[in-house]
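Working notes, beginning with the structure itself.
When a residue number appears, it is its place in the shown sequence, counting from 1. Atoms within a ligand are numbered from 1 in the order they appear, just like the ligands themselves. The model shown is predicted, which means the values in this text are computed figures rather than measured ones.
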Amino acid sequence: MQKQLTTTCNQLIDKLRKEKILKKEEYLCLIKNKRDCSEYLYKNAREVCDSIYGKDIYIRGLIEFTNYCKNDCIYCGIRKSNKNADRYRLTVEQILDCANQGYNLGFRTFVLQGGEDGFYSDEILEEIVRKIKLKYPDCAITLSIGERSFESYKRLKKAGADRYLLRHETANKKHYEKIHPNTMSYDNRIRCLYDLKELEYQVGAGFMVGSPYQTVENLAEELLFLKKLNPNMCGIGPFVSHKDTPFKNEKSGTVEMTLFMLGLIRLTLPNVLLPATTALGTIDPLGREKGIKAGANVLMPNLSPSNVREKYMLYDNKICIGDEAAQCIKCLKTRISTTGYNIVVDRGDYKSI
Ligand code: 5AD
Ligand code: FES
């Protein structure tokens, strides 16, 4: 019986590798029986990734420049209602300092991430983007600052931003509404992703694995949604509870399900840039290494100044809080070398062929 199930699942994986899409029920079958076919999935996902990106692992320097946020996402540690969050903002000079350190450490992509903080107007953000671009014309800038208007995205693109990360968090509208306050809208979030595509940003979407109320059907829907959106990047990581949120007692996502989804995403969108996230490294000490072995090809270490790191706490027990950027990159290089892959000094652009 078991053997038969494995055969069926492996055939579905072969089909997925060949056709790059499955029906919802077929994805669901794989997700439900992941224990019987995960190794076969990872082997295929790795082969596909290697055929496009080789043994290169791209790094992105994450600069968490503000933890102020006007939103109140129920899962998130920097939600507006969390009165225990110690709020901070980095100055333009501090941000440039982070980029400078990062450049010297070999980073050629900077991700400016923050809560939705009204303090950073289009003007200020344009200034930051322009200054980084002027100093490091060989680097890519990724923005990850939430939902904005088409006009704002347009201005920031014109100022020099190359990419934009905006996780959709869940592809299911009903599920979206269960993990967000009613002041937020699923439709607006999706609108933002399509605006960003229209403006020719390289776009990153993504979702949490194991967030409260998520079902296996929802996970199957994620793959169909991603196929349709066809993003250049996809950030996924386990949901991890945060002690000062209403979801403090909810179970976290699992390593196994996160890895399995990474493998399925790699076969569904072969060229996608896929990070092994910090959240994955948080729930398992070898999470990021395992992520790479399951099909990921990007790492996003932290370049934020050490004194603010513990303040950008989206979830409990986040790793690398006490470490300097230089330490993290050294640690990652050693870790990744054990997987047979190498961190490279490269912008790490999306390869479309
Ligand atoms: N657990 C895991 N990931 C989280 N994020 C926010 N809160 C949590 C949490 N509790 C993720 C969201 C967001 C990204 C910046 O961090 O997916 O898009
Ligand atoms: Fe930060 Fe290992 S990656 S200490």
Side-chain angles (χ1 to χ4, degrees), residues 57 59-67 69 71-79 82 85 105 111-116 142-147 164-171 175-176 179-180 184 189 192-193 204-212 214 222 233-255 257-258 275-289 291-292 299-304 306 309 312-338 343:
I57 298 296
I59 48 169
R60 321 287 195 207
L62 188 62
I63 304 174
E64 298 154 336
F65 67 95
T66 172
N67 70 350
C69 192
N71 287 333
D72 218 13
C73 306
I74 302 170
Y75 46 84
C76 184
I78 64 167
R79 65 199 299 265
N82 181 7
L105 290 168
V111 182
L112 298 175
Q113 185 173 92
E116 293 197 16
T142 306
L143 296 177
S144 180
I145 48 178
E147 298 173 30
Y164 205 102
L165 284 184
L166 182 74
R167 289 190 179 180
H168 54 284
E169 312 298 355
T170 169
H175 181 224
Y176 185 93
I179 61 174
H180 295 94
M184 293 180 72
R189 201 149 186 100
C192 288
L193 284 168
F207 58 92
M208 288 178 287
V209 175
S211 55
Q214 185 181 63
E222 289 301 338
M233 286 169 275
C234 184
I236 73 159
F239 160 74
V240 181
S241 62
H242 186 291
K243 61 179 180 7
D244 297 321
T245 65
F247 287 156
K248 61 180 175 226
N249 295 322
E250 298 291 329
K251 278 203 302 287
S252 293
T254 66
V255 188
M257 190 61 95
T258 307
T277 54
T278 305
L280 184 55
T282 295
I283 60 164
D284 181 331
L286 293 176
R288 288 166 298 175
E289 290 89 325
I292 289 182
L299 292 166
M300 299 175 63
N302 206 317
L303 285 181
S304 314
S306 314
R309 283 195 189 191
Y312 201 82
M313 276 293 192
L314 306 179
Y315 46 82
D316 291 337
N317 305 317
K318 192 175 161 200
I319 53 171
C320 304
I321 289 307
D323 299 279
E324 291 288 339
Q327 279 173 279
C328 279
I329 192 72
K330 199 170 152 217
C331 163
L332 279 177
K333 279 184 179 156
T334 320
R335 284 169 173 272
I336 297 316
S337 64
T338 66
I343 289 177

Item to check | Criterion side chain to side chain contact (heavy atoms under 4.5 Å, CB included) on Phe207 and Arg167, from CA distance to verdict | outcome: CA-CA 6 Å; Phe207 58 92; Arg167 289 190 179 180; over 6 Å; no
Show me the donor-acceptor pairs within less than 3.5 Å that the side chains of residues 234-244 make with the rest of the protein, sequence neighbours left out.
from, atom 1, to, atom 2, distance (Å)
His242, ND1, Asp244, N, 2.9
Asp244, OD1, Asn84, ND2, 3.2

Checklist entry - Strictly by modelled atom types, are Glu169 and His175 linked by a side-chain donor-acceptor pair under 3.5 Å? => result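 Note: Glu169 and His175 side chains miss the donor-acceptor criterion.
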Answer yes or no: is there a donor N or O on one side and an acceptor on the other, between the side chain of [X] and the main chain of [Y], under 3.5 Å?
| X | Y | result |
| --- | --- | --- |
| Thr66 | Gly114 | no |
| Lys318 | Tyr312 | yes |
| Gln214 | Thr170 | no |
| Tyr164 | Gly146 | yes |

Item to check | For Glu147, all residues meeting side chain to side chain donor-acceptor pair (under 3.5 Å), sequence neighbours excluded | outcome: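 If we apply the side chain to side chain donor-acceptor pair (under 3.5 Å) test to Glu147, skipping adjacent residues, the hits are Asn188, Arg189.
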Please tabulate, one line per pair, the protein nitrogen or oxygen atoms found under 3.5 angstrom from a nitrogen or oxygen of ligand 1, with distances to 0.1 Å, or say none if there are no such pairs.
from, atom 1, to, atom 2, distance (Å)
ligand 1, 1 (N), Val240, N, 2.9
ligand 1, 1 (N), Val240, O, 3.3
ligand 1, 10 (N), Tyr75, O, 3.0
ligand 1, 10 (N), Val240, O, 2.7
ligand 1, 10 (N), Leu314, O, 3.4
ligand 1, 17 (O), Arg167, NH1, 2.9
ligand 1, 17 (O), Glu169, OE1, 2.6
ligand 1, 17 (O), Glu169, OE2, 3.3
ligand 1, 18 (O), Glu169, OE2, 2.5

Item to check | Structural part of Glu324 in contact with ligand 2, heavy atom criterion under 4.0 angstrom | outcome: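 Glu324 to ligand 2: no contact under 4.0 Å from either part.
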Checklist entry - Would you say the side chain of Asn82 lies within less than 4.5 Å of the side chain of Thr245, judging by non-hydrogen atoms? => result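 Thr245 vs Asn82: side chains apart.
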Next on the checklist: Asn71 vs His180, test: side chain to side chain contact (heavy atoms under 4.5 Å, CB included). Steps then yes/no.
Outcome noted: CA-CA 9 Å; Asn71 287 333; His180 295 94; over 6 Å; no
Next on the checklist: Below 2.8 Å, which protein N, O or S atoms neighbour atom 2 (Fe) of ligand 2, ignoring water?
Outcome noted: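 Cys331 SG, with waters left out.
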